[in-house]
Amino acid sequence: MEETKIVAPEERQLNFLEEIVERDLAEGKHKSILTRFPPEPNGYLHIGHAKSICLNFGLAKKYGGKTNLRFDDTNPTKEDVEYVDSIKEDVKWLGFEWANEFYASDYFEQLYLWAQELIKKGLAYVDDETQEEIRQNRGTVTQPGKPGPYRDRSVAENLELFSRMRAGEFEEGSKVLRAKIDLGHSNMLMRDPILYRIIHAHHHRTGDSWCIYPMYDYAHGQSDSLEKITHSICTLEFDVHRPLYDWFIQQLEIFPSKQYEFARLNLTYTVMSKRKLLELVKNGFVTGWDDARMPTICGLRRRGFTPESIRMFADKVGVAKRDNIIDLSLLEWCAREDLNKRANRYMTVLDPVKLTISNYPEGKVEYFNSPVNPENPEAGTREIPFSRELLIEREDFMEEPPKKYFRLKPGGEVRLKYSYIIKCERIVKNDAGEITEIICTYDPESRPGTGEWRSVKGTIHWVSETHSVETEVRLFDRLFTEPDMDSIPEDKDYKDFINPQSLIVVKGHSEPSVLEDKSGIAVQFERIGYFVKDSDSTDNKVVFNRTVGLKSAWSGGSAN
Ligand code: ATP
Ligand code: MG
């Protein structure tokens, strides 16, 4: 995939939405702008929503405007307060404050009155046709629709039937209210779209007050208009809905909110449909909405992504007018960018081999006082215990290394990070031929801070075996094996592409001060990557989630 060009926000050109807003403000069309983020509370928010949140809130903020949080709660059968609460938490966590918290359901009465108004104007009618009949009479892209038997009901009859629909006199599916627009319209959505359907279900806010519920198209634009939203930003697939959006506003002569569409965010190796995410949770493919492999905001949070890194990502992705797919590695790059500045450093060995320093006194312990974060002196220092018996990463030693191998090899020297230079004297193997111990000597003169600094080509990380603390380390990989999950073959299901290696659990051996870390964000395991303490941690066992490796090349679940 093509590499994404990284441009700092201040250097980039205005995106097309910023251009529109600047023009509208310059022309005096609006004194200030008002945007909204309109989630349906039928699932947890994901990284695509984060993009929309950053866009809506970011645009308003940039031009001194405001943003409403509006729950698009028009379908009682799928919605729940659990989702409302999680959405609010996630928007706040991302760092945004809404001007007002609104619910489309707050507008049900007004929407009902407006529907009556459309009926009175001869622009809406009650239709008794079945769903199937409606579909058939609507025609096709090449053939115009034809009027059904109820299209010419009188205003009085329509008003009466509509009020009886509201009163709960009819069965689900027996009647709908439709706009009377144009059955020959080239845009199928304009062929007498449905405004209301009967649903006898309990609503999480309005309880049992309603048994007719407005359709998205009827509720959304009118909700925008009621709130006086100036720029209603949605994803590209809604461009065909725009004529309908405008039609209602014109016919009802209400505040002219305008809809603008941008390309939705797609990410490689990721699915984002709420239906699929729900299925992954329900069927136990992941441990929950906040599983650290999920693209949900709570999953990313648990994985160790920071709000800063997600906002940076949203900015780098930019605003496109055509659908595209963004490389997951850009999100990871943003996490590294942010965490490199802020994460405290600790050494951890994930795949240990024992290393003994034969000329270091038995029982002796010394401490190396080292910066917690070299990028941030204010983070302070930590004491790293050193002793005769250490653990190093198995892959930092090679018995028969290639030419330019600068880590430990027979007869070779490396520096133990923050500490002495050691030389490999010999190795010990078991019957299976595996290396069980590396015997080294150290150079006492090479202690940092004493005498002249001697440099060697390789530096490796280590921990003192007896001082090290054991942790559980969860190495996450991509949840799916296929880059473009929207283009999988027809005869396959997205679940066929779940990566069986998406979680590998190993034991970590960490320097003890990692347990005292108070930063609240991911830490860097030096030379390996960024790892965040997981909520599964207990007093006896600390669990770390790998956020991202240090290097951009994907490692397929290995240690670095
Ligand atoms: P579903 O998977 O149920 O279709 P949805 O994406 O329509 O979900 P909503 O809760 O309706 O979910 O979305 C709230 C807002 O977030 C909408 O304005 C929508 O356009 C935007 N949004 C959703 N997904 C993305 C995405 N991948 N990229 C950008 N914006 C998105
Ligand atoms: Mg939606």
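Throughout, residue positions are numbered sequentially from 1 according to the sequence presented. When a ligand or atom number is given, it counts from 1 through the structure's own listing order. Here the structure is a predicted model, which is why all the values come from computation and not from measurement.
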Checklist entry - Can you find an N or O of S273 that's nearer than 3.5 Å to an N or O of ligand 1? => result no
Checklist entry - Yes or no on salt bridge (charged side-chain N to carboxylate O under 4.0 Å, His left out) for D534 and R474, after CA distance, side-chain angles and deciding distance? => result CA-CA 9 Å; D534 188 74; R474 297 176 181 170; 3.4 Å; yes
Checklist entry - Atoms of ligand 1 less than 4.0 Å from T235 heavy atoms? => result 20 (O), 29 (C), 30 (N), 31 (C)
Checklist entry - Would you say H46 touches ligand 1, if touching means a heavy atom closer than 4.0 Å? => result yes
Item to check | Option passing side chain to side chain contact (heavy atoms under 4.5 Å, CB included) with F71 (candidates K88, E79, R205) | outcome: K88
Checklist outcome for this item: Near K274 (heavy-atom distance under 4.0 Å), the atoms of ligand 1 are 1 (P), 2 (O), 3 (O), 5 (P), 8 (O), 9 (P), 10 (O), 12 (O)
Checklist entry - Taking distance alone, with no angle check, do R36 and ligand 1 share an N/O pair under 3.5 Å? => result no
Next on the checklist: Is there a polar contact between ligand 1 and P38, counting only N or O atoms under 3.5 Å apart?
Outcome noted: no
Item to check | Taking every non-hydrogen atom, the tightest pair across T74 and P214 | outcome: CB-O, 3.6 Å
Item to check | E97, CD atom: more than 12 neighbouring heavy atoms under 6.0 Å | outcome: no
Next on the checklist: Any nitrogen or oxygen of E40 lying under 3.5 Å from a nitrogen or oxygen in ligand 1? Just yes or no.
Outcome noted: yes
Checklist entry - Counting only heavy atoms not in K495, do more than 12 fall under 6.0 Å of its NZ? => result yes
Checklist entry - Between F480 and Y494, how do the two ring planes meet: parallel, tilted or perpendicular, split at 30° and 60°? => result tilted
Item to check | side chain to side chain contact (heavy atoms under 4.5 Å, CB included), paired with M188, selected from M190, R191, H185 | outcome: R191
Item to check | ligand 1 contacted by F238 (non-hydrogen, < 4.0 Å) | outcome: no
Next on the checklist: At less than 4.0 angstrom from any non-hydrogen atom of S52, what atoms of ligand 1 do you find?
Outcome noted: 16 (O), 21 (C), 30 (N)
Checklist entry - Taking both backbone and side-chain atoms of K51, is any N or O found less than 3.5 Å from an N or O belonging to ligand 1? => result no
